[in-house]
Amino acid sequence: MQAYSEAYLGDVVENQGKLFDFVVHNYPDKDTADFIQAYMNSKTRKSIDEGQAYVNTMDHSELWNYFCKTEGFALQKGDSMKGFVPDWIGEFYAYYQWYYNIPSSEVVKIVPIEYLIKAYGGLHDLDLELAVKKVGNRLKTTNIE
């Protein structure tokens, strides 16, 4: 059983990808990985995990404002990700969370950001569901979960 209604899935996946990309492009001197980690462990993301319509239907800019206000979040100085990597990571994490129905805070432990950065070259051209299944299968066979 998936985390919430499939009716929200496309929007959640797209908006999370756009959110991560938004941070990279608007704050190029800030630590993208720190933001992603904080976001995936936030109450905001937990609301999405639980299928709360109010948050699940926000676009990326509404989500950014809601996240910063709700969490009192401030970006940290550091390295920004490059290219399409952050958008893809956002989409991957959103789909992975939905597909396996596990908390987003667990997703970033099971599939660390660093792993996705390294695996991007081999996974980003795949259909998103296939990429999620490949990573899920890899983790099961190596007992990382």
Side-chain angles (χ1 to χ4, degrees), residues 1-139 145:
M1 180 166 178
Q2 274 66 44
Y4 48 81
S5 171
E6 191 169 355
Y8 294 125
L9 181 61
D11 287 338
V12 170
V13 168
E14 181 179 348
N15 287 323
Q16 186 162 294
K18 286 181 177 180
L19 174 64
F20 290 11
D21 195 52
F22 169 85
V23 170
V24 167
H25 285 93
N26 289 283
Y27 305 97
D29 62 336
K30 302 299 182 184
D31 188 335
T32 310
D34 178 73
F35 158 71
I36 293 171
Q37 193 74 35
Y39 178 76
M40 294 297 290
N41 283 290
S42 71
K43 291 180 228 158
T44 301
R45 183 57 219 189
K46 185 176 185 222
S47 295
I48 294 171
D49 293 356
E50 295 169 350
Q52 294 182 19
Y54 176 71
V55 183
N56 282 37
T57 57
M58 289 181 178
D59 69 21
H60 72 279
S61 60
E62 292 169 319
L63 200 53
W64 169 249
N65 291 329
Y66 181 83
F67 170 67
C68 290
K69 183 179 177 184
T70 303
E71 311 294 331
F73 180 76
L75 290 164
Q76 303 298 312
K77 237 178 163 18
D79 294 329
S80 178
M81 291 181 190
K82 306 292 184 239
F84 298 105
V85 175
D87 180 75
W88 181 81
I89 288 175
E91 291 182 357
F92 180 93
Y93 275 155
Y95 198 92
Y96 192 98
Q97 184 281 323
W98 177 81
Y99 188 83
Y100 288 107
N101 191 13
I102 56 175
S104 290
S105 58
E106 291 299 311
V107 171
V108 291
K109 291 177 188 169
I110 294 167
V111 187
I113 296 165
E114 299 77 26
Y115 173 81
L116 288 181
I117 292 169
K118 289 177 185 172
Y120 174 79
L123 293 175
H124 80 280
D125 283 336
L126 299 176
D127 173 75
L128 190 56
E129 183 173 330
L130 179 58
V132 163
K133 286 179 179 179
K134 278 187 165 283
V135 172
N137 288 337
R138 179 202 161 273
L139 294 173
E145 286 188 301

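The structure displayed is predicted, hence computed values, not measured ones.
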Original post:
In chain order, what residues pass the salt bridge (Lys or Arg N to Asp or Glu O under 4.0 Å) check against E62, with sequence neighbours excluded?
Top reply: none
**OP:** Would you check, one step at a time, whether the test side chain to side chain contact (heavy atoms under 4.5 Å, CB included) holds for N101 with Q2?
**Re:** CA-CA 5 Å; N101 191 13; Q2 274 66 44; 5.6 Å; no
**OP:** Tell me, please, which residues at least two apart from D11 pass side-chain hydrogen bond (donor to acceptor under 3.5 Å, both in side chains).
**Re:** none
Subject >> Step-by-step side chain to side chain contact (heavy atoms under 4.5 Å, CB included) determination, V107 to Y100 >> reply: CA-CA 9 Å; V107 171; Y100 288 107; over 6 Å; no
Subject >> Which residues share a side-chain hydrogen bond (donor to acceptor under 3.5 Å, both in side chains) with Y95, sequence neighbours left out >> reply: E129
Original post:
Do S80 and Y27 have side-chain heavy atoms sitting under 4.5 Å apart?
Top reply: no
Subject >> Where at least one partner belongs to residues 64-74, residue pairs that pass side-chain hydrogen bond (donor to acceptor under 3.5 Å, both in side chains), sequence neighbours excluded >> reply: T44-E71
Original post:
Could you walk me through whether Q16 and R45 pass the side chain to side chain contact (heavy atoms under 4.5 Å, CB included) check?
Top reply: CA-CA 10 Å; Q16 186 162 294; R45 183 57 219 189; 2.6 Å; yes
Original post:
For T57, what residues pass the side chain to side chain contact (heavy atoms under 4.5 Å, CB included) criterion, not counting sequence neighbours?
Top reply: Y8
**OP:** Please identify each residue that fulfils salt bridge (Lys or Arg N to Asp or Glu O under 4.0 Å) with K18, with sequence neighbours left out.
**Re:** E14
Subject >> Q76 side-chain N/O to D31 backbone N/O, donor-acceptor pair under 3.5 Å >> reply: no
Original post:
In Å, rounded to the nearest 0.5 Å, how long is the span from SG of C68 to CG of L75?
Top reply: 6.5 Å
Subject >> Rounded distance (nearest 0.5 Å) linking atom OG1 of T32 with atom CD of Q37 >> reply: 13.0 Å
Original post:
For D29, what residues pass the salt bridge (Lys or Arg N to Asp or Glu O under 4.0 Å) criterion, not counting sequence neighbours?
Top reply: K77
Subject >> Non-hydrogen side-chain atoms of Y93 and I113 separated by less than 4.5 Å >> reply: yes
Original post:
How long is the span from the CD1 atom in I89 to the CZ atom in F84, to the nearest 0.5 Å?
Top reply: 14.0 Å
Original post:
What pairs with E50 under salt bridge (Lys or Arg N to Asp or Glu O under 4.0 Å), at least two apart in sequence or on another chain?
Top reply: K46
**OP:** Work out which heavy atom in Y4 is nearest to a heavy atom in A94; give both atom names and the distance.
**Re:** OH-O, 4.4 Å
**OP:** Evaluate the side chain to side chain contact (heavy atoms under 4.5 Å, CB included) criterion for residues M81 and I36: first the C-alpha distance (whole Å), next the side-chain angles of each, then the deciding distance (0.1 Å), finally the verdict.
**Re:** CA-CA 11 Å; M81 291 181 190; I36 293 171; 3.7 Å; yes
Original post:
Within the side chain of D49, is there an N or O that forms a donor-acceptor pair under 3.5 Å with the backbone of P103?
Top reply: no
Original post:
Parallel under 30°, tilted from 30 to 60°, perpendicular over 60°: which one fits the rings of F92 and W88?
Top reply: tilted
**OP:** Could you name each residue pair satisfying salt bridge (charged side-chain N to carboxylate O under 4.0 Å, His left out) that touches residues 82-94, not counting sequence neighbours?
**Re:** none
Original post:
Rounded to the nearest 0.5 Å, how far does CD1 of I48 lie from OG of S104?
Top reply: 7.5 Å
Subject >> Whether N15 side chain and M58 backbone form a donor-acceptor pair below 3.5 Å >> reply: yes
Original post:
If you round to the nearest 0.5 Å, how far is CG of L63 from NE2 of H60?
Top reply: 9.5 Å
Original post:
Which heavy atom in S42 sits nearest to a heavy atom in F67, and how many Å separate them?
Top reply: CB-CE1, 3.6 Å
Original post:
CD/Q97 to OG/S105 distance, rounded to the nearest 0.5 angstrom?
Top reply: 9.5 Å
**OP:** Kindly write out the residues that satisfy ring pair (Phe, Tyr, Trp, His ring centres under 6.0 Å) with F20, not counting sequence neighbours, or none if the list is empty.
**Re:** F35, Y39
Original post:
Sequence neighbours excluded, which residues qualify as side chain to side chain contact (heavy atoms under 4.5 Å, CB included) partners of P28?
Top reply: none
Subject >> Which residues share a side chain to side chain contact (heavy atoms under 4.5 Å, CB included) with N26, sequence neighbours left out >> reply: F22
Original post:
What is the minimum heavy-atom distance between S47 and N56, and which atoms define it?
Top reply: O-OD1, 3.8 Å
